[in-house]
Amino acid sequence: MVGVPVLDSMLALVQEATTHERAYVPFLPSWMILLPFIGFVINGAVGYLAPDRRKLVSAVGPGVLGLSFLVAAVNLVLLIAAHDAEPVIRSYWTWMEVGQLRIEAALQLDQLSVMMALVVTCVSFIIHIYSIGYMGEDPGYARYFSFLNLFVFFMLVLVLAANFPLMFVGWEGVGLCSYLLIGFWFTEPAKADAGQKAFIVNRIGDFGFLAAMFALFAYLGTLDFQAVFAIAPRGFEYGGAAVTLITLFLFLGCTGKSAQIPLYVWLPDAMHGPTPVSALIHAATMVTAGVYLVARTGVLFALAPLSMTVVAVVGAVTALFAATIAVQQFDIKRVIAYSTISQLGYMFLAVGVGAYTAGIFHLATHAFFKALLFLASGAVIHAMHHALEHAGEEAGEDVTQDMRNMGGLKAYLPTSFRTAWIGALALAGVFPLAGFFSKDEIIWSAGARGQTLLWVLAVLTALLTAGYITRWLVMVFHGASRVGEGARRYLRAAPSVMLVALVLLAVGSVVSGWVNVPEALPLLPEFTWLHQFLHPSFEAAEHVLVEHMGEPAHVAPLGGGEGTWAVLSTTAAILVVIFTFMALRGKRYLSAREAAEPTGLWRLLYRKWYVDELYDLVIVKPFKALCMVSWRVIDQGLIDGALVDGVAYTTRFGGWVVSRFQTGYVGTYVLIIVIGILIILGAVAL
């Protein structure tokens with residue numbers, strides 16, 4: 001542990017470094033957070049007092065997010081103009097003070113937090129707009145927007161917090177909101193169970209976050225980000241047990257929130273919530289929290305090479321594992337859900353090899369094209385549900401979301417079709433869309449840092465991604481229609497407010513990648529703005545990595561520079577897309593009701609490698625059995641039987657015994673008194 005005098009001197013240096021005069025003056029930082037909270041309060045009150053006021057809800061829900069986005073954008077512009085590398089910390093009040101522990105309700109604005117806030121508010125704003133059309137007829141309309149606003153509020157608390165405890169408030173808050181929104185239609189058992197599953201699995205990860213905080217305070221005596229990051233390089237031994245344990249606990253929290261092996265199982269079931277909720281969770285809020293945490297605590301991870309290896313390996317394996325499952329799923333949203341798990345694996349691979357900017361870059365671009373893919377899926381589900389209902393056919397989730405019941409929808413949903421192709425090609429990493437720039441940088445970074453095996457896994461994942469997302473497009477939009485003739489005539493495009501959201505996200509899926517054009521890319525000038533902008537946030541971590549591991553190489557495992565591999569990568573992605581499209585577009589699919597379950601390897605992938613069944617066998621059933629034993633033996637047997645019922649039976653028996661002496665004969669009473677006196681005298685004589 002760090003001695004108290006040393007700790008005090010370090011904290012003094014931190015305070016001096018963070019209080020000097022700066023050119024950057026934040027613009028209403030607290031309002032970025034307060035505006036969504038105000039929306040939560042207003043919409044919650046409207047839903048309780050006047051649920052028919054839909055126009056007010058429709059204005060307030062997206063409106064507060066639009067204003068919050070403007071505040072974030074202004075802060076980004078001011079921060080760029082100021083060229084200020086130092087973070088700005090605004091403390092509003094002292095939250096708690098116990099002994100040496102002092103926690104401020106404080107926000108930290110630096111390059112990383114402002115960039116994250118911009119992505120969160122921008123994508124969330126568009127999802128809120130889409131929700132006006134998607135949820136317009138739902139009786140819980142106001143409650144839905146209230147929860148949605150609260151979700152963004154907690155996510156902004158998470159990314160703008162200046163210390164670990166306040167970040168944990170946002171961390172727990174997004175977990176609560178995921179439970180409320182995944183189980184939004186809680187009257188249906190499957191959807192309520194999905195919300196509970198997400199909540200319970202995330203509690204495992206949250207234990208890791210708490211344990212890491214306790215250990216950090218025990219070793220460093222502070223939980224403020226700036227103090228921890230300033231002290232850590234001198235307070236921890238490089239590769240030591242303490243910092244390794246702390247970072248592994250932090251990563252346990254990340255595996256829960258960001259759905260990595262082994263705690264990824266909640267995310268596919270989250271598809272039971274409304275589709276805009278799926279987009280919000282997967283693109284802009286909850287699942288990105290783990291990536292942000294590793295990036296924010298990059299200094300700690302840089303001091304723990306074992307932990308960084310664990311992060312990178314888990315990320316790469318998760319990316320490939322989830323991609324294989326997505327290949328053989330038929331639920332339109334579940335394919336995209338496993339794609340999210342896979343792409344999050346890419347992000348962890350990046351931060352695990354020390355390419356922090358590449359990880360955040362992919363987080364930002366992924367937010368646009370993944371939200372686009374989910375909302376395009378929502379437009380399809382919306383059209384299918386409307387058509388089946390009007391045709392008097394079954395319109396349950398298992399029917400409206402199964403791609404085997406679709407096909408040929410491009411003629412009925414042209415805007416959804418075109419924007420879905422843009423999102424899919426961006427996910428596949430095809431030039432010039434956003435995913436090409438961010439995903440290729442991650443793959444390149446893994447190879448350039450000598451992680452050849454992880455580089456191979458990342459390349460294989462990229463090829464699988466191009467394949468399964470093309471299959472998704474073909475099954476939904478191309479080929480012969482598998483929608484029944486009765487329902488087909490009722491197929492209609494989504495409301496215009498939903499289509500506007502799709503177009504905005506499509507634009508983001510194209511342009512967001514151009515903020516960081518890699519060097520040596522043929523015919524394009526180098527433009528690494530994002531690297532330069534985020535450099536101050538990662539400078540300390542990168543310094544530790546260079547000091548102990550040296551500069552990364554700039555050559556891929558098989559030779560060639562970044563530009564060469566970028567060209568090869570997009571060429572391979574295009575070829576996979578073309579091959580998959582040509583192979584599947586003429587394939588005749590049976591409807592879900594007629595189709596048999598896949599066999600062989602396809603069955604293994606369709607059943608998701610039987611991981612849920614394995615968890616059920618190894619964890620759920622033994623736990624239920626333990627609960628049953630506890631109920632029968634401890635609760636009913638010991639507590640109810642021996643204690644509660646036992647006391648009752650003993651009291652009853654005692655009353656029966658005493659009642660035998662209540663005969664009503666005076667002679668009997670005299671005899672009993674005499675016997676009692678003799679017993680007492682005998683006891684005294686002894």
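Keep in mind the model is a prediction, meaning the values are calculated, not measured. One-based numbering along the sequence shown.
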Task: Euclidean distance, Tyr346 OH relative to Ser438 OG, rounded to 0.5 Å - done: 10.5 Å
Acceptor/donor pairs from residues 373-383 side chains to any protein atom, 3.5 angstrom cut, sequence neighbours excluded:
from, atom 1, to, atom 2, distance (Å)
Ser377, OG, Leu373, O, 2.9

- [ ] Using atom types as modelled and distance alone, determine if a side-chain donor or acceptor of Trp171 lies under 3.5 Å from a backbone N or O of Lys257.
- [x] no
Open item on the list: Would Arg471 and Phe330 count as a cation-pi pair here, with the cationic atom under 6.0 angstrom from the ring centre and within 45° of the axis?
Closed with: yes
Open item on the list: Quick check against the 3.5 Å criterion: does Asn405 have a side-chain atom that pairs as donor or acceptor with the backbone of Ser591?
Closed with: no
- [ ] Looking only at non-hydrogen atoms, find the nearest pair between Leu344 and Val291 and report the distance.
- [x] CD2-CG2, 4.2 Å
Task: Side chain Thr121, main chain Leu118, donor-acceptor under 3.5 Å - done: yes
- [ ] Mark yes or no for whether Ser445, through its side chain, and Ala355, through its backbone, hold a donor-acceptor pair below 3.5 Å.
- [x] no
TODO: Please say whether the positively charged group of Arg143, taken as NZ for Lys or CZ for Arg, lies over the ring of Phe184, i.e. under 6.0 angstrom from the six-membered ring centre and within 45 degrees of the axis.
DONE: yes
TODO: Quick one: closest heavy-atom pair of Gln329 and Leu605, and the distance?
DONE: NE2-O, 3.2 Å
Open item on the list: When you measure from the side chain of Thr324 to the backbone of Phe321, do you find a donor-acceptor pair of N or O atoms at a distance under 3.5 Å?
Closed with: yes
Open item on the list: I'd like to check the ring pair (Phe, Tyr, Trp, His ring centres under 6.0 Å) partners of Phe37; sequence neighbours left out, ordered by chain and number.
Closed with: Phe40, Phe153
Open item on the list: Does this structure show an ion pair linking Glu394 with Arg593, if we count only N-O contacts that are shorter than 4.0 Å?
Closed with: yes
Open item on the list: Check for me whether the distance between the ring centres of Phe145 and Tyr141 falls short of 6.0 Å.
Closed with: yes
Task: Whether over 12 other heavy atoms sit under 6.0 Å from Arg488 CZ - done: yes
- [ ] Look only at the side chain of Thr419 and the backbone of Ser416, and say whether a donor-acceptor pair between them is shorter than 3.5 Å.
- [x] yes
- [ ] Decide yes or no on side chain to side chain contact (heavy atoms under 4.5 Å, CB included) for Ser124 and Phe151, but give the supporting numbers first.
- [x] CA-CA 10 Å; Ser124 299; Phe151 207 157; over 6 Å; no
Open item on the list: Tell me whether the count of non-hydrogen atoms from other residues, nucleotides or ligands lying under 6.0 Å of CD in Glu137 goes above 12.
Closed with: no
Task: Side-chain donor or acceptor of Ser569 paired with backbone N/O of Ala566 under 3.5 Å - done: no
Task: Pair Asp269 + Arg334, salt bridge at N-O below 4.0 Å - done: yes
Open item on the list: Over 60° means perpendicular and under 30° means parallel, so tell me whether His362 and His366 are parallel, tilted or perpendicular.
Closed with: tilted
If you look only at distance, which donor and acceptor atoms sit under 3.5 Å apart when one is on a side chain in residues 270-286 and the other is two or more places apart or in another chain?
from, atom 1, to, atom 2, distance (Å)
His272, ND1, Glu397, OE2, 2.8
Thr275, OG1, Tyr134, OH, 3.0
Thr275, OG1, Lys333, NZ, 3.4
Ser278, OG, Lys333, NZ, 3.4
His282, ND1, Thr340, OG1, 2.8
Thr285, OG1, Leu280, O, 2.7

Open item on the list: Can a donor-acceptor pair be found, under 3.5 Å and without considering hydrogens, that links the side chain of Trp472 to the backbone of Ile332?
Closed with: yes
Open item on the list: Please determine whether the number of non-hydrogen atoms from other residues, nucleotides or ligands lying under 6.0 Å from atom CH2 of Trp185 exceeds 12.
Closed with: yes
